[in-house]
Amino acid sequence: MKLGRLNHIGVATPDLDASIAFYRDVMGATDITEPFVLESQQVRVCFVNTPGEAGTAGTQIELLQPTVPDSAVGKWLEKNPLGGQHHICYEVPDIHAAKAWFEGLGKRVLGEPRVGAHGTLIFFVHPKDMGGQLTEIMETPKEAPKGGH
C-alpha cells in the first residue's frame, strides 16, 4: 500500500455552529459546506475547505458534533469537553486492499468499510496501532463528493 493524500482532519466539537463561526470569523475560512446529519455515525458534520496550491484541493477540516451523547464522537467529547482533533484521514485507491494490508500487519481495523461523510467507503484503524492517532482510511472519491473535494 502507498500513503495517499491527507484528505481531512476530523475535529470534534460540542457546538458545530460556534465552530463554524470560529473558522469563518477567526480563521478567515470562506468555503464552508452546509452542515448535514450523517445518521450512520450519529454526527452533524460540515467541511471547512482550505485553499489548495497550483490547482490542487486543500486539506479539509471536518467538523463533527454528536447527535446523541453515547455515539463514538459523543463519548470522545466526554473525555475532551472542549473538543479538538479527533482523527486524521488519508485517501487510498482501493479500500478493500487497504483493509487487507492493515489487517495483514496486525493493525486493528474498527469495523467493515462503510460509507462516510464524503459518500465514499471508509474505515478506521485503532489509535494504539497508529502512533496514538485515530486514523481514517478513505477510498479516493471517483466524482465530486458531498464534502466539496
Side-chain angles (χ1 to χ4, degrees), residues 1-20 22-23 27 29 31-52 56-149:
M1 198 189 78
K2 184 177 177 185
L3 178 68
R5 175 178 176 267
L6 177 63
N7 180 277
H8 67 266
I9 298 169
V11 175
T13 176
D15 185 338
L16 187 65
D17 297 322
S19 292
I20 290 169
F22 170 81
Y23 276 92
M27 300 301 292
D31 185 1
I32 302 172
T33 68
E34 193 65 32
F36 62 96
V37 173
L38 183 61
E39 289 293 343
S40 62
Q41 303 288 319
Q42 298 178 304
V43 291
R44 187 168 164 243
V45 60
C46 74
F47 291 92
V48 178
N49 293 311
T50 68
T56 63
T59 300
Q60 292 179 311
I61 306 298
E62 179 185 38
L63 299 176
L64 304 157
Q65 178 185 353
T67 56
V68 294
D70 66 343
S71 65
V73 174
K75 290 175 184 173
W76 189 89
L77 276 174
E78 278 181 22
K79 298 175 188 162
N80 305 278
L82 295 178
Q85 182 182 326
H86 181 262
H87 67 272
I88 55 176
C89 177
Y90 297 101
E91 293 181 10
V92 297
D94 183 327
I95 197 77
H96 299 291
K99 181 178 183 285
W101 187 80
F102 279 106
E103 289 175 335
L105 293 174
K107 306 297 183 189
R108 286 169 278 188
V109 172
L110 306 174
E112 291 301 314
R114 57 201 176 274
V115 176
H118 284 92
T120 187
L121 291 174
I122 61 123
F123 64 81
F124 286 89
V125 184
H126 198 288
K128 289 183 179 174
D129 294 334
M130 300 297 287
Q133 179 64 63
L134 179 62
T135 302
E136 180 179 357
I137 304 298
M138 174 182 123
E139 193 162 85
T140 301
K142 307 295 187 255
E143 53 192 59
K146 186 180 274 187
H149 281 185

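Remember, predicted model here, so these are calculated numbers, not experimental data. Residue numbers start at 1 and run along the sequence shown. Computation of the quantities below employed the complete heavy-atom set of this structure, encompassing side-chain atoms and omitting hydrogens, waters and symmetry-equivalent molecules.
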Problem - Worked verdict on Asp70 versus Lys75 for side chain to side chain contact (heavy atoms under 4.5 Å, CB included) - result: CA-CA 6 Å; Asp70 66 343; Lys75 290 175 184 173; 4.2 Å; yes
Exercise for the section: Take Ile20 and Cys46, measure what side chain to side chain contact (heavy atoms under 4.5 Å, CB included) needs, and give me the verdict at the end. Expected result: CA-CA 9 Å; Ile20 290 169; Cys46 74; 3.7 Å; yes
Practice task
Apply side chain to side chain contact (heavy atoms under 4.5 Å, CB included) to Tyr90 and Val92, showing your working.
Solution key: CA-CA 7 Å; Tyr90 297 101; Val92 297; 5.6 Å; no
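Between the side chain of His8 and the backbone N or O of Gly10, no donor-acceptor pair lies under 3.5 Å. Asp129 contributes a side-chain N or O that, together with a main-chain N or O of Arg108, makes up a donor-acceptor pair within less than 3.5 Å. Formation of a donor-acceptor pair under 3.5 Å by the Thr135 side chain with backbone atoms of Val125 is not found in this model. At least one donor-acceptor pair closer than 3.5 Å links the side chain of Thr50 to the backbone N or O of Thr59. One N or O on the side chain of Arg5 and one on the backbone of Ala57 form a donor-acceptor pair closer than 3.5 Å.
To the nearest 0.5 Å, the span separating NE2 on His86 from CG on Leu63 amounts to 13.0 Å. From Arg114, atom CZ reaches atom CD of Gln41 across 5.0 Å, with rounding to the nearest 0.5 Å. In this structure, Thr120 OG1 and Met138 CE are separated by 5.5 Å, a value rounded to the nearest 0.5 Å.
In this structure the side chain of Met130 reaches within 4.5 angstrom of the side chain of Phe102, judged on heavy atoms. Using a 4.5 Å cut-off on side-chain heavy atoms (C-beta onward), Thr67 and Val37 make contact. Two residues are said to be in side-chain contact when any heavy atoms from C-beta on lie closer than 4.5 Å; Met27 and Phe22 meet this criterion. Between Glu91 and Glu139, the closest side-chain pair of non-hydrogen atoms is not below 4.5 Å. Between Ile9 and Glu62, every side-chain heavy-atom pair lies at or beyond the 4.5 Å cut-off. Annotation: side chain of His126 is in contact with side chain of Leu110 (closest heavy-atom distance under 4.5 Å). Counting only heavy atoms from C-beta outward, the side chains of Phe124 and Ile122 approach each other to under 4.5 Å. No side-chain heavy atom of Phe47 sits under 4.5 Å from any side-chain heavy atom of Ile32.
Salt-bridge annotation for Lys99 and Asp94: absent, with no side-chain N of the basic residue lying under 4.0 Å from a carboxylate O of the acidic one.
Between Pro66 and Leu77, the shortest heavy-atom contact is CD-CD1, 3.4 Å. The two atoms that bring Pro127 and Leu134 nearest to each other are CB-N, 3.5 Å, heavy atoms only. The two residues Leu64 and Val45 have their closest heavy-atom pair at CD2-CG2, 3.8 Å. Here the closest heavy-atom approach between residue Ile95 and residue Pro113 is recorded as CG1-CB, 4.2 Å. In this structure, Ala98 and Ile137 approach most closely via the heavy-atom pair CB-CG2, 4.1 Å. The minimum heavy-atom distance linking Leu121 with His96 is given by the pair CD1-NE2, 3.9 Å.
Screening Val73, Leu38, Asp17, Thr13 for a side-chain contact (heavy atoms from CB on, under 4.5 Å) involving Arg44 leaves a single residue, Asp17.
The closest side-chain donor-acceptor pair between Ser71 and Gln42, if any, does not fall under 3.5 angstrom.
With sequence neighbours left out, the side chain to side chain contact (heavy atoms under 4.5 Å, CB included) criterion links Asn80 to Trp76.
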